[in-house]
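Read the structure below first, then the notes.
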Amino acid sequence: GMVGAMSIVRFRTAIKNPLDLVFLFWSIATGIICGAGLYFIALPLTLILGIAILLSDEVPGVSRNRILVLDGSYPYDEGQTMGIVRKYAKWYNVRTESVHNDAVNLIIEVRKVKDSQALIRELRQTGVFHDVSLLVQEGTID
């Protein structure tokens with residue numbers, strides 16, 4: 001029944017986030033179960049899946065990624081910069097490091113940033129980076 005219902009629904013954009021797909025299947029299944037009058041199944045299922053979705057924030061692939069873009073002068077202290085990023089983000093991955101003349105551009109993918117304002121402030125206080133941007137990443141990075 002769920003697959004049939006999903007084939008009827010027309011999506012205007014592709015569903016890229018697995019959590020969105022989980023929510024769609026969950027809501028369709030709950031609707032079918034409630035439509036059949038099996039509320040005693042729908043309630044525990046809703047509670048279990050609701051708790052699972054809340055806990056899924058701890059899984060690295062499910063959390064919302066952010067892109068940290070740093071523009072500054074070269075040379076810079078890579079150890080100090082990554083130490084600051086490590087201090088505020090649970091996980092990070094340097095995607096791009098570009099050096100042109102005396103300028104450096106870093107693009108770092110970060111997850112679970114504790115305090116974004118403090119991260120930006122501390123990176124700017126190094127005196128190396130004149131532009132610091134923290135963007136929410138939608139979709140995938142290839």
Side-chain angles (χ1 to χ4, degrees), residues 1-36 38-39 41-142:
M2 285 190 339
V3 175
M6 286 295 286
S7 67
I8 295 171
V9 177
R10 179 177 172 258
F11 299 104
R12 294 187 181 268
T13 59
I15 299 170
K16 295 179 182 175
N17 188 348
L19 199 56
D20 291 344
L21 196 58
V22 167
F23 178 77
L24 286 172
F25 276 115
W26 172 29
S27 60
I28 290 171
T30 304
I32 291 170
I33 292 169
C34 287
L38 302 171
Y39 303 109
I41 294 175
L43 184 62
L45 179 67
T46 300
L47 292 174
I48 290 169
L49 287 174
I51 292 169
I53 288 174
L54 288 175
L55 293 177
S56 71
D57 189 42
E58 297 303 316
V59 177
V62 178
S63 65
R64 179 170 270 187
N65 297 347
R66 293 183 180 207
I67 304 297
L68 181 63
V69 181
L70 304 172
D71 290 316
S73 57
Y74 188 81
Y76 72 101
D77 186 356
E78 184 177 355
Q80 178 190 19
T81 303
M82 294 308 143
I84 294 169
V85 172
R86 191 177 307 115
K87 179 179 172 183
Y88 291 101
K90 258 188 170 176
W91 179 91
Y92 70 94
N93 185 21
V94 177
R95 289 294 185 169
T96 305
E97 181 177 7
S98 302
V99 178
H100 302 285
N101 298 328
D102 291 337
V104 65
N105 177 272
L106 289 169
I107 298 176
I108 305 170
E109 180 184 5
V110 293
R111 292 186 187 142
K112 299 203 182 218
V113 177
K114 297 173 192 170
D115 186 357
S116 59
Q117 294 298 320
L119 170 64
I120 292 169
R121 188 177 330 106
E122 194 165 335
L123 285 167
R124 293 214 21 128
Q125 286 175 349
T126 62
V128 175
F129 301 106
H130 53 81
D131 284 331
V132 178
S133 302
L134 187 61
L135 312 168
V136 174
Q137 183 244 322
E138 297 287 336
T140 59
I141 298 176
D142 295 322

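Computed from a predicted model, the values in this text were never measured in an experiment. Residue numbers start at 1 and run along the sequence shown.
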What do the steps show when you test Leu134 against Ile120 for side-chain contact (heavy atoms from CB on, under 4.5 Å), and what is the final call?
CA-CA 8 Å; Leu134 187 61; Ile120 292 169; 4.1 Å; yes
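- Side chains of Leu43 and Leu45 form no contact here, defined as non-hydrogen atoms less than 4.5 Å apart.
- Side-chain contact between Asn105 and Val99: absent, with no pair of heavy atoms (C-beta onward) separated by less than 4.5 Å.
- Within a 6.0 Å radius of CG in Asp131, other residues, nucleotides and ligands contribute more than 12 heavy atoms.
- The CG atom of Asp71 sits 7.0 Å away from atom OG of Ser133, with the distance rounded to the nearest 0.5 Å.
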Test side-chain contact (heavy atoms from CB on, under 4.5 Å) applied to Ser73 and Asp102, step by step:
CA-CA 6 Å; Ser73 57; Asp102 291 337; 5.8 Å; no
Show, in sequence, the C-alpha distance, side-chain angles and deciding distance for Val132 and Arg121, and conclude whether the side-chain contact (heavy atoms from CB on, under 4.5 Å) test is met.
CA-CA 9 Å; Val132 178; Arg121 188 177 330 106; over 6 Å; no
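- A distance of 4.5 Å separates OG1 in Thr96 from CD1 in Ile107, rounded to the nearest 0.5 Å.
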Show your reasoning for whether salt bridge (Lys or Arg N to Asp or Glu O under 4.0 Å) applies to Arg111 and Glu109.
CA-CA 7 Å; Arg111 292 186 187 142; Glu109 180 184 5; 3.6 Å; yes
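- Nearest heavy atoms, Tyr76 versus Val104: CE2-CG2, 3.7 Å.
- To the nearest 0.5 Å, the span separating CD on Glu122 from OG1 on Thr81 amounts to 10.5 Å.
- In this structure, CG on Leu49 lies 13.0 Å from CZ on Phe25, to the nearest 0.5 angstrom.
- Side-chain contact between Leu70 and Ile108: present, with at least one pair of heavy atoms (C-beta onward) separated by less than 4.5 Å.
- Side-chain atoms of Asn101 do not come within 3.5 Å of backbone N or O of Ala103 as any donor-acceptor pair.
- Summarising the geometry, atom CG belonging to Asp77 is positioned 9.0 Å from atom OG1 belonging to Thr126; distances are rounded to the nearest 0.5 Å.
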Derivation and outcome, side-chain contact (heavy atoms from CB on, under 4.5 Å), residues Thr30 and Thr46
CA-CA 7 Å; Thr30 304; Thr46 300; 4.0 Å; yes
For the pair Tyr92 and Arg86, evaluate side-chain hydrogen bond (donor to acceptor under 3.5 Å, both in side chains) and give the outcome as yes or no after the intermediate values.
CA-CA 7 Å; Tyr92 70 94; Arg86 191 177 307 115; 3.1 Å; yes
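- The two residues Pro44 and Tyr39 make their nearest non-hydrogen contact at CD-O, 4.4 Å.
- Expressed to the nearest 0.5 Å, how far CG of Leu123 lies from CG of Leu106 amounts to 9.5 Å.
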